[in-house]
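Worksheet for the structure shown next.
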There are 2 protein chains.
Amino acid sequence: MNSLTEENYLKALFSLADDKGEVGVNELSKRLDIKMPTVNSMMKKLAEKKLVFYESYKPLRLTDKGRREAGLIIRKHRLTEMFLVEKMGFGWEEVHEIAEQVEHIQSAAFFDKMDVLLGYPKVDPHGSPIPDKNGKLVWRQYQKLSQSKAGETLVLAAVLDSTTEFLTYLNSRELRLGLKIKIKAVEPFDGSMTVSYGKHTALVLSSTVTERLLVEPAGT
Amino acid sequence: MNSLTEENYLKALFSLADDKGEVGVNELSKRLDIKMPTVNSMMKKLAEKKLVFYESYKPLRLTDKGRREAGLIIRKHRLTEMFLVEKMGFGWEEVHEIAEQVEHIQSAAFFDKMDVLLGYPKVDPHGSPIPDKNGKLVWRQYQKLSQSKAGETLVLAAVLDSTTEFLTYLNSRELRLGLKIKIKAVEPFDGSMTVSYGKHTALVLSSTVTERLLVEPAGT
DNA sequence: ATATAAAGTTAGCTGGCTCTAACAAATAAA
DNA sequence: TTTATTTGTTAGAGCCAGCTAACTTTATAT
């Protein structure tokens, strides 16, 4: 069994290793807001437990076991977020902090029950995929709204930032998952977009925002 | 803010102090399965934080602040148990261990939401009262089934033992809260009782069992 | 190619929570 | 009332997960 602390390291490693698969100690240190020497010794400990590959001065990589365990924690986190929103009436901007705590609960039955009650959801309230029971996570092929062009019509599929602040901003603009958005214009200077959706006919989104929104072509 | 460890000490102190209000270090040590010197130093720490009254060689007592904080943790525990049973479909024998973990979650909104969804319940699935938002707990005037006499008809109001083993035993006999039970006979030798309820016309309960069942007169 | 900067490591310390061993006080028994 | 037992306390140690300071290695810039 891994400690709560170890679980947090695994989760951070998993999310940082998303693309390249490799993570630097420094990078991990910043993500967790824990000093490098502390991270360093924890990596040795996790290497002992066969959860990470560790060699001096080389980047960190999760082992299959480590990736699986991290995935299972993320599964618990995302099932919890879904449960909080769908079954308890929380807003998508309120659930991250609570799930951060609930994800450490040791009870397979508890999360299995959530899964059943939710009807085996594939994504969480922010559009992120929920890993399966083996901790395996697969993202659908989304692209950032910022990479789309004027004239395209897209469906908002996920957000890359689950902070209360960002989601509250989206709420204030009535932006939510599943929404069909048409790009009316892209400002070449700063990348800001004028879009229309629902009752909104000409709303401007800064690149800071469009960078954090994942979309897919309408009608998929 | 109190640590998870401190919360467990407070909770144990609260439940041991139920009647007399005073608890010995030794007694607390046994309840928590933590050695006396460890308990001793934790008591000094909690005394620093004004949660317990501590004087050398004298019994421990919770301060008002300590009792309030302990009550609030027990509130979270019991709301959770109720939620698990009523809203998630768990059996009353399955919820203790899960609630033991969930009770430490720091989120007023989470437990407030449970409270609302449950319709502000007064008791948990085992009949124990749920402390109010000030941590105040009041037991109704129940008595043990073992103290009742032949001929009486009683309603099963609460259980004094929430272990999986005991509750599974009760399940196997279809004994559940709210049930109307008639005492047909009491065996003077060992205090065992022959009772009838529901489909059961002559079931024998040992004193080990009747000691753990709280009842009130039928029709209250 | 060398100097500088960034990233990674080692050594040693701290606080929180646990322990054992040894001792002191209070209570119960002889 | 003296002794034995139980209960409570002190001292000292260990593990976990964090830290700072000092050093080494790797990467970057001049």
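Below, chain A is the first sequence line, B the second, and so on; all start at residue 1.
- Under the 3.5 Å distance criterion, the side-chain polar atoms of A:Lys76 are matched with a main-chain donor or acceptor of A:Ile105.
- Salt bridge A:Lys11/A:Glu103: present, at least one basic N to carboxylate O contact under 4.0 Å.
- At C:dC19, one or more side-chain N or O atoms of B:Thr38 fall inside 4.0 Å of OP1 or OP2 (strictly under the cut-off).
- Because its NZ or CZ atom is both nearer than 6.0 Å to the ring centre of A:Phe90 and within 45° of the ring axis, B:Lys113 counts as a cation-pi partner of that residue.
- For D:dT9, one of the phosphate oxygens OP1 or OP2 lies less than 4.0 angstrom from a side-chain nitrogen or oxygen of B:Tyr54.
- When each of B:Lys44 and B:Lys30 is assigned the nucleotide of DNA chain D bearing its nearest heavy atom, the one mapping closer to the 5' terminus is B:Lys30.
- Backbone-only engagement by B:Ser3 is indicated by non-hydrogen atom pairs under 4.0 Å involving sugar-phosphate atoms exclusively.
- Summary of the strand contacts: A:Tyr9 and A:Ser56 both lie near DNA chain D, and taking for each the nucleotide with the nearest heavy atom, the more 5' one is attributed to A:Tyr9.
- Rounded to an integer number of Å, the gap from B:Glu6 CD to C:dG15 P is 16 Å.
- Between A:Glu22 atom CD and D:dA27 atom P the separation is 12 Å, expressed in whole Å.
- Protein atom CE of B:Met36 is 16 Å distant from nucleotide atom P of C:dA24, rounded to whole Å.
- At whole-Å resolution of the value, NZ in A:Lys35 and P in D:dC19 are 5 Å apart.
- When distances run from any side-chain atom of B:Pro37 to the nucleotides C:dA7, C:dT18, C:dA21, the shortest one goes to C:dA21.
- In this structure, the side chain of A:Arg173 does not engage the main chain of A:Tyr169 through any donor-acceptor pair within 3.5 Å.
- Following rounding to the nearest Å, B:Ile34 (CD1) and C:dG16 (P) show an atom-to-atom distance of 16 Å.
- Among B:Lys133, B:Lys122, B:Arg75, the single residue meeting the salt bridge (charged side-chain N to carboxylate O under 4.0 Å, His left out) criterion with B:Asp115 is B:Arg75.
- Look at CG on B:Leu60: it is 8 Å from P on D:dG8, rounded to the nearest Å.
- One atom, CG of A:Leu28, and another, P of C:dT9, lie 12 Å apart when rounded to the nearest Å.
- The OH-P distance, from A:Tyr57 to D:dT25, rounds to 5 Å in whole Å.
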